[in-house]
Structure formats: structure tokens, C-alpha cells
Number of protein chains: 2
Amino acid sequence: MNSGPDTDAARGEPGPALDEPSDELVVDVFARHCSSRAALEDVGSKWGILAMLALGEGSYRFNALRRRVEGVSEKMLSRTLQILERDGLLVREVISTIPARVEYSLTPLGERVAAQLRVLADLFEASAADISRARADFDTSRRA
Amino acid sequence: MNSGPDTDAARGEPGPALDEPSDELVVDVFARHCSSRAALEDVGSKWGILAMLALGEGSYRFNALRRRVEGVSEKMLSRTLQILERDGLLVREVISTIPARVEYSLTPLGERVAAQLRVLADLFEASAADISRARADFDTSRRA
DNA sequence: CGGAATCCAGAAGGATACTG
DNA sequence: CAGTATCCTTCTGGATTCCG
């Protein structure tokens, strides 16, 4: 599948520096230091997917979003939203009323990502029964 | 954006039992005890996405897959593959040669999931530059 | 209301060694 | 080759408290 020998040098990196994030922009999700891989991990994180899916339905205020995403704590929702904002997937708008309100909504890029996640989520929801059965089968056949 | 008041009762759940995994199959990724949400987390995990993407390219043997997914340890790849197999997304086939070989390939469901992940990955790869810039902007404006 | 700060248990994850 | 086992470190994530 992948050509070349097993050595580390087969990756094509000239220098010995494996951990320094080079200046050139690598665009390959399989590469360690690729912003697309990092963003993929941010979105794919435990709460990232659900936050994006929820915002795909429209704008939400913090606590409304917290209720929509069942089980998320304030801290994790807050952290997740910051990360997604940093990646340019959503925008945080402070509405200076008293008490203050904060609206979260997707950017154009975020909308496109959320749309794809929706397709993925639909796929899983449609297969929920299959997955449950596969798990049950796996667990029983393994106990034997 | 979401109708209804802000109370917790707005979720429509009748009983107080929020943590007992009921017998009936819930099909809503936002619900805590939904197998589709769980599977979504399995796939979305750090190595799950990359493993699925790689296998979307075709079958891989363990170490070939390990080389394809840059940075994964033996332990985590092994664990990830077990989880994905349990969800019915891939199959593990032992070829009894000496030394033994093990081929991993996607199930029909896995193929469909991988195809969607590919679309998502392409989206991120195409936006890698935007994301990098968004991050840089966010980080600098935050330091000020 | 919308967080940030702190504490803490448990899970994730890496390195290494060993097995079939 | 394809893992498993062990140890150890880091990170995740929940509960709680406090602030503007």
C-alpha cells in the first residue's frame, strides 16, 4: 500500500527534526504537524462533534447549547467552544445586556463542516440498531 | 433558535431517571445513552478518524497501518482497531502463515462512514491555510 | 447569565519489554 | 509480524466555587 522501506527516512523529511513544526504548510491529515489533522481532532473530540451539530441547527446561547448537548459540563463546553472558535469554525458574539448574553454561531467554514457531520450523524443514527447488535455479538463471542 | 422555554423539562423526558440505560433504543446523537453517539465518539477519537480514513484506501496489515497513521503507538492502534471492530465498522482477518499476518478491512457500514470522513478530511485539507491563519489571529489578538 | 479558577479521579496515551 | 503486558506521565473531564 505504501511504498518504500520501513525506515523513518522513508517519510521524505530531510532533517532529523521530527518534532519541530516546520514553516512550510503541510496539507495531509495523516501527517503529524498538519493543521487539518489538528482541526479534525478538535472537531472530533468528545464534545466537538455535538457542539458543531447543535450549532448546525442555528445559533445558540451558552446555556441553551449546554442543554442541547446532553451531559456536557460548563467547563468542557466552554473549552470546546474556545477551541472551535480558534480554528475559525464558529464565532462568539457578546451581547452587552444585563445580564450579558453570548451567542455562538458557525462561520461559513463551520457550516460546511457541520453539514458533513450531520450526514455522518444520520448515518450512525440509521445504523444505531446494527451497531448495538454488532457490539453485543462482539462482547458475547469474546467472553467465550 | 430552539423553541420552548429554558427549563430542563423542555427536553421532553418524562421521568427523573437520567442515567439508567433504558431498554428501548434511543436514536439521537444528542442523547447520552445512544449507541450512535457512542460510535460517533469511537470514530471521532484521536486515532479513530485516521484509522478509518486509511482503511478507506483499502485493506492494511497492522504494521502497514501503523506506518500510514503517523505517530500512533502500537498500543493505541491496537485498542482503536478493537473498538472499531466492536462497532462493526471493520473486520479483522487472521491469515495463518508463519509469521502470522492480520488484515484489517472495512465493513459495508465502515466504507460508508469512511467515505464521509474523506469528504470531511478533504474539507479540512482544503481549508488548512485558513485554519492556520485563524489560529494565528486568535492567538495574537488574545495575547494583547 | 456566562463564564474562569481550582481540585481531583480516572482515562488516554507513550515507551519499553515480552510473547506466540 | 502482530500484538499483549507493564509502567508511567499527561490529559480529559466532572464538581465545586467564585466573579463580572
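Numbers restart at 1 for each chain; the letters A, B, ... are given by sequence-line order, proteins then strands. Computed from a predicted model, the values in this text were never measured in an experiment.
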Q. What is the bend of the helix from C:dC1-D:dG20 to C:dG20-D:dC1 when you compare the axis at one end with the axis at the other, using five pairs each and rounding to 10°?
A. 50°
Q) If only side-chain N and O atoms of B:Arg92 are considered, is one of them under 4.0 Å from the OP1 or OP2 phosphate oxygen of D:dG3? A) yes
Q: State which residues pass side chain to side chain donor-acceptor pair (under 3.5 Å) with B:Arg101; sequence neighbours excluded, sorted by chain then number.
A: none
Q: Using side-chain contact (heavy atoms from CB on, under 4.5 Å) as the criterion, list what pairs up with A:Glu74, not counting sequence neighbours.
A: A:Phe62, A:Arg66
Q: Would you mind reading off the distance between B:Met76 atom CE and D:dT4 atom C1', rounded to a whole angstrom?
A: 14 Å
Q: Determine the contact category for A:Gln82: base if any of its heavy atoms lies under 4.0 Å from a base atom, sugar-phosphate if only primed atoms, P, OP1 or OP2 are that close, otherwise nothing.
A: sugar-phosphate
Q.
For C:dG2 and A:Ser78 - does any side-chain N or O of the residue sit under 4.0 Å from the phosphate oxygens OP1/OP2?
A. no
**Q.** Nearest to side-chain heavy atoms of B:Asn63, which nucleotide of D:dT12, D:dG3, D:dC1
**A.** D:dC1
Q: May I have the distance from A:Arg61 (atom CZ) to C:dG3 (atom P), rounded to whole angstrom?
A: 10 Å
Q.
Looking at D:dC1, I'd like to know if its phosphate oxygens (OP1 or OP2) sit under 4.0 Å from a side-chain N or O belonging to B:Tyr104.
A. no
Q: Give B:Arg66 one of three labels, base, sugar-phosphate or nothing, depending on what nucleic acid heavy atoms sit under 4.0 Å from its own.
A: nothing
Q | Interatomic distance, B:Ile83 CD1 vs D:dG3 P [rounded to whole Å] | A | 14 Å
Between protein and nucleotides 15-20 of chain C, what N or O pairs are separated by less than 3.5 Å?
none

Q: Could you list the residues that satisfy side-chain contact (heavy atoms from CB on, under 4.5 Å) with B:Glu85, not counting sequence neighbours?
A: A:Phe138, B:Leu90, B:Arg92
Q) For the atom pair CG (B:Leu40) and CG (A:Leu50), what is the distance rounded to the nearest 0.5 Å? A) 6.5 Å
**Q.** side chain to side chain donor-acceptor pair (under 3.5 Å) contacts touching residues 108-118 of chain A (sequence neighbours left out)
**A.** A:Arg118-A:Asp122
Q.
Using whole Å, what does the distance between atom P of nucleotide C:dG2 and atom CZ of A:Phe62 come to?
A. 8 Å
Q: Give the rounded distance in Å between these two atoms: CG of A:Leu65 and C1' of C:dC1.
A: 14 Å
Q) For residues 43-56 of chain B, which residues have at least one heavy atom under 4.0 Å from DNA chain C? A) B:Lys46, B:Trp47
Q) How long is the span from the CZ atom in A:Phe124 to the CG atom in B:Leu109, to the nearest 0.5 Å? A) 6.5 Å
Q. Separation of B:Leu77 atom CG from C:dG13 atom P, in whole Å?
A. 12 Å
Q.
Which residues pass the side-chain contact (heavy atoms from CB on, under 4.5 Å) test with B:Gln82, not counting sequence neighbours?
A. A:Arg142, B:Ser78
Q: Write down the atom of B:Gly71, the atom of A:Arg32, and the distance for their closest heavy-atom approach.
A: CA-NH1, 3.2 Å
Q | Whether B:Glu125 side chain and A:Ser36 backbone form a donor-acceptor pair below 3.5 Å | A | no
Q.
Checking A:Arg133 now: which residues fulfil side-chain contact (heavy atoms from CB on, under 4.5 Å) with it, not counting sequence neighbours?
A. A:Asp130, A:Asp137
**Q.** Rounded distance in Å - CD1 (A:Ile98) to C1' (D:dC19)
**A.** 15 Å
Q. For A:Arg79 and C:dA4, what is the distance between atoms CZ and C1' respectively, to the nearest whole Å?
A. 12 Å
Q) What's the spacing between A:Tyr60 OH and A:Leu55 CG if we round to 0.5 Å? A) 8.0 Å
Q: For residues 35-56 of chain B, pull every pair meeting salt bridge (Lys or Arg N to Asp or Glu O under 4.0 Å), keeping only residues two or more places apart or in separate chains.
A: A:Arg135-B:Asp42, B:Arg37-B:Glu41
